Amino acid sequence: MTAQTFRLPQGGRISREEALTFSFDGQEYTGFRGDTLASALLANGVHQIGTSVKLGRARGVFAAGSEEPNAVVQIEKPFPEPMLQATAVELYEGLAASSLPGRGRLADEPDPARYDAVHTHCDLLVVGAGPAGLAAAAAAARTGARVILADEQPELGGSLLGTGTLLDWAADVGAELDAAPEVRVLRRTTVFGHYDDNYVLAVERRTGHLGEKAPAHLSRERVWRIRARRVVLATGAHERSLAFGDNDRPGVMLAGAARTYVNRYGVLPGRRAVVFTTNDSAYAAALDLAAAGVEVAAVVDTRPEPGEAARVAAQAGIEVLRGYAVTGTTGEPHVTSVTAAALGEESTGRELAADLLLVSGGWNPVVHLYSQAGGKLRHDEALGSFVPDTCRQAVEVAGAAGGPASLPACLADGASAGTRAVEAEGFAIREPLQLPAAADSATSEPSSPAAQLWVVPGADPDRSFVDLQRDVTVADLARATGAGLRSVEHVKRYTTAGTAHDQGKTSGVLASGVVAHLLGVEVGELGTTTFRSPYAPVSFAALAGRDRGALHDPVRVTALHDWHIAHGAEFENVGQWKRPWYYPRDGEDMTAAVLRECRAAREGVALMDASTLGKIEVRGPDAGVFLDRLYTNMMSNLKVGRIRYGVMCGADGMVFDDGTVIRLAEDRYLTTTTTGNAAAVLEWMEEWLQTEWPELKVHCTSVTEQWATVALVGPRSRDVLGSLAPHLAVDNTDFPFMTWRDTEVAGIPARVCRISFSGELAYEINVLPWYATALWEALYEAGRPQGITPYGTETMHVLRAEKGYPIVGQDTDGTVTPQDLGMSWVVSKKKRDFVGKRSHARADASRPDRKHLVGLLPDDPGTLLPEGAHLVADAPLPEPPVPMLGHVTSSYRSAALGRTFALALVKGGRELIGDRLYAPVGGALVPVTVTSSVLYDPEGARRDG
Amino acid sequence: MGDTADRRSPLAHTADRFAAATRASGGALRLAELPFLAQVNVRLDPKGPAADAVGLALGMTLPLEPNTVVHGGGLTAVWLGPDEWLVVGPPGSQEGLQEKVRTAIGSEHASVVDVSAQRTTLLVAGRHARDLLAHGCSLDLHPRSLGAGRCAQTTLARAQVVLVPRDAYKPGFWVLVRSSFASYLADWLLDAAAEYTAPKATASAHATSEYAMPQFAETSS
Amino acid sequence: MLLIPCPWCGSRDEAEFHYGGQAHVPYPEDPASLDDTQWARYLFFRANPKGPLAERWCHTDGCRRWFNAVRNTATHDILAVYKPGEPRPVIA
């Protein structure tokens, strides 16, 4: 363990009573509560954090916040996380981190922490709790408006934390806001996305800073989904880098960051400093460092006449090199000396010994969110950067995010922006906010204009880094422009500048400046690259929140689900539904189980949970007319008590859905839909009724879950039903195929329908789902003597395929007409119109090479074709292109046929019945014979038992 | 109707977990299924004579303003659409309710459908009820927006729901959810409630402020 | 996430809605009387302007009503919403 030799004896916002032990690259150190990993490392004299991604050059801490391009670490404990900025990781007891060669690695274990999301709404969202943001939130909160203030730091104050000014005021405002009932202050919360209609996403780091002590019941990170009526962006400014030779060594740091390490963390980032600047702000840093005991060797100012700030510095005994620039550094790898040369002269330059080089190329307003929100930017010549101009959303910018501003100006700007925002929402200001007198001498000095310097003359372009994280140099940018690229967007993609985790926060404007310089155009003319969310890296775990594991997507279950589980069902996902797939017995594989279930349904009795079918009650005097228009066949002439199968097409004539239609009464129908299409069919019906045919007196109501449905199937099904339904005449004459009866089954009120999706004698018994288990168990018990067998969706598919019944969405794909399916019989020729009819008359619908649904029998009765397999005419394969005739849509082993079979869509397939085709499977061509799609009981002899 | 002894609601298997979470929250949350409520879907022309007749028969006017409810005589009429309502009553009352409404409507064009089993009803109450729902509901749940007398059809987590604030004074909601989604939604609610139902539940009720406060504020000067 | 003002329920998240394509493309009075070209025009051809476009939307997760919205396809601004059967409002 080493002492914190670079820690000042006092000062800073750290809690010196709470020492924390942590490790970096295996070495143990101490720091304090309130440190970041970066400040704690600097306090221990550790500057090098890793090596760069392409060139492997040593890199150190460059900034003090989420704009950090360099100091990216791997966290090892308590849970591995890659690529975190050491400047944004709060120190905690037991933190273990390691350096990275530019790239991290993901954990190979599941993250045990919770992550969640919360939706919230407010009249005003203020982003950033620096002087402008605090003033905006405080002014707005006094009106009773709902205000959210979000800031990425654990403590309010923003830039004040770095300059050490007005901290008591910030604390007082924070306390007032915390106490206000309609205000929510979100600390440790990074606003990372600003979308349409002021929909704003932020991530709150709730417990990560507690390390091992993080309570397990609290989410570690929370995504706030904020809908704000108005937004004030008080996001401040980022200091910009300068490009000169070897400007990437550890010990080179942004001037404002160095000031923050001294004032906020009580850490000296070095002992002897050179300051390289183009503007006044770095003088404040120089003075603060000097006051803290750093020897400031010189301020190198590119401006020949830097003005008042330089005079103050000189008065304090700091040498100011006017009209000079830093051209290079030396050190192995940490900076040991700096070379400064007079601009515009052929001079050898001056060597200045230093272990710290502060850099300030000016300030870029943080316009990321403003730009994401649709705000337009304009170039500000004096600032050398891009500033907000106009925005189509209710968004205002306050403070340094809008351009250069003194502290008093930031405070006033924030207060008026906050006031304006809530007044616009109808809240009245009762007493205006009293603003504190700002005493920051550095910002109240009359300032002299900043200069811009994009490329330092005499510096080595191959070692002048623009994007530190991506190792992009001035020379790289020159290669891009040399290759003819003229747009910053293209240069970005060519060089990768600005594409790292930091998205070029400190380097983006510099890159634009260098490119403009190389092309000889104005920066404003060239523009910037697009600002995209997220503003800062967000973990996938946070974005996923609670939507992972079992809660990833809703699991819909029927009332019989627990029974299925208790009886060992394997489940299949059908849309969001979990449906029993098959019920393996001990030692059975799927093939054996399905063959057994199929045999039971064809030879004895079997039962299936069919509750997932969509059900829509269609009522009204025009219900018959309405259904006639939507189904291809006639429904208005269906007699009460009877059932008809129907197909629906889209206006394009392609099959959309199918199901049965039950006529309950003169003005009442119950239609069923396929499981996956229930919602779509209801929406389709409502669209026609609400938009095209409002004159029809029809109402549609979903009753999908009002009814549980049990299919009782097989030659012995009548016996089982009869034994439980004493009031029901079950024989074929009294209860014929495609009719329904209301009765009681096992004492439960039930609607029994004689419908068959297997070709066997079958019943669908509908009861309230509250009684579904009672019904099912009664059937299961009553059928025991006949060996009643529960079956799942796989058996259902085999049984229906043997009969050539298509499944919409499996045997059809949106390009298939009823005629293609061989179902012309379901298409009415009598009706004047129905949706899809006109399209059936298009020339395209009667092409002879349309794909037809046919059966396929592999020559080898044991060969199971893969679904999706292509079909070709010739073996061996001719030279490509080989004409594709179609594909396999369904393929099964049939117990009844004692062999495998398939359904397929084949060009002109009905004309090919009896022909031989080939399915390329793996390296082989599997020979198959085309047959009718109906392979079992084509006479329909079995449906009446 | 079958023997009620054989009757099983969609969340019967969740009752114990709801009760445990309610106890653990120390009064901050109450989670329960309100099973078997009578629910009748009524669709008719709000401007026609049937609307008035149904209102008279039920002793309450059907709400015409979107996203509002009317309570009366043990019933709640929930606005579902400009010509659609859900009338909710005590368990077992659905037959009588339908009969009453159908008689009132007479020969007018209207649709009255029993949907009592289509959805089940969850009670989410307690001072953290809004916080809990806000984990998965994009609507503004603030009493200024969704207070007593209002209702909303929206999504909670990834399930469609009908939200009905139940009390003007104590925070609480009916959450009506399709029966097939009920288990998913119950699991989701119990997971989201962890923050409010952990062993030290009363402390965790203030979790946000406790853990978000700077832990070194006293050193500022 | 857009806010879409449902004519009945007020502003709701875009995720509660389903898109229904261009509005004011009525189902032809008598499809049988149209030739293939006219029918294809109804089936397959839709406007694709940069700027205001009248569209059908359905408040699927809410009141399940279909309505029309005029949306600026370049900015996503919803310029007007109106109920089916109502004329398209004049957008300045």
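Chain A is the first sequence line, chain B the second, and so forth, proteins listed ahead of strands; every chain is numbered from 1. None of the values given here were measured: they were computed from a predicted structure.
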_Would C/Arg41 pass as a cation-pi partner of C/Phe45, given that its NZ or CZ must be under 6.0 Å from the six-membered ring centre and within 45 degrees of the axis?_
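Yes, cation above the ring, under 6.0 Å and within 45°.
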*Honestly, is B/Arg7 close enough over B/Phe36, meaning NZ or CZ under 6.0 Å from the six-membered ring centre and within 45° of the axis?*
yes
_When you measure from the side chain of C/Thr73 to the backbone of C/Gly51, do you find a donor-acceptor pair of N or O atoms at a distance under 3.5 Å?_
yes
*asked:* Please check this pair: side chain of C/Glu16 against backbone of C/Asp13, looking for a donor-acceptor N/O pair closer than 3.5 Å.
replied: no
*Side chain, backbone, both or neither: which part of B/Glu84 has a heavy atom under 4.5 Å from chain C?*
side chain
*Between B/Glu33 and B/Thr120: side-chain donor-acceptor atoms closer than 3.5 Å*: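 Yes, a side-chain donor-acceptor pair sits under 3.5 Å.
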*asked:* Please identify, among B/Gly81, B/Pro82, B/Ser138, the residue contributing the most non-hydrogen atom pairs under 4.5 Å to chain C.
replied: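 Going by pairs under 4.5 Å, I would pick B/Pro82.
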_For C/Tyr42 and C/Trp39, take the angle between the two ring planes, folded into 0 to 90°, and tell me which bin it lands in: parallel under 30, tilted 30 to 60, perpendicular over 60._
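Rings of C/Tyr42 and C/Trp39: tilted, as their planes differ by 30° to 60°.
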*Close approach to chain B in residues 55-68 of chain C, criterion heavy atom under 4.5 Å*: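 Answer by number: C/Thr60, C/Asp61, C/Gly62, C/Cys63, C/Arg64, C/Arg65.
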*Evaluate whether atom CZ of B/Arg30 has more than 12 neighbouring non-hydrogen atoms of other residues, nucleotides or ligands under 6.0 angstrom away.*
no
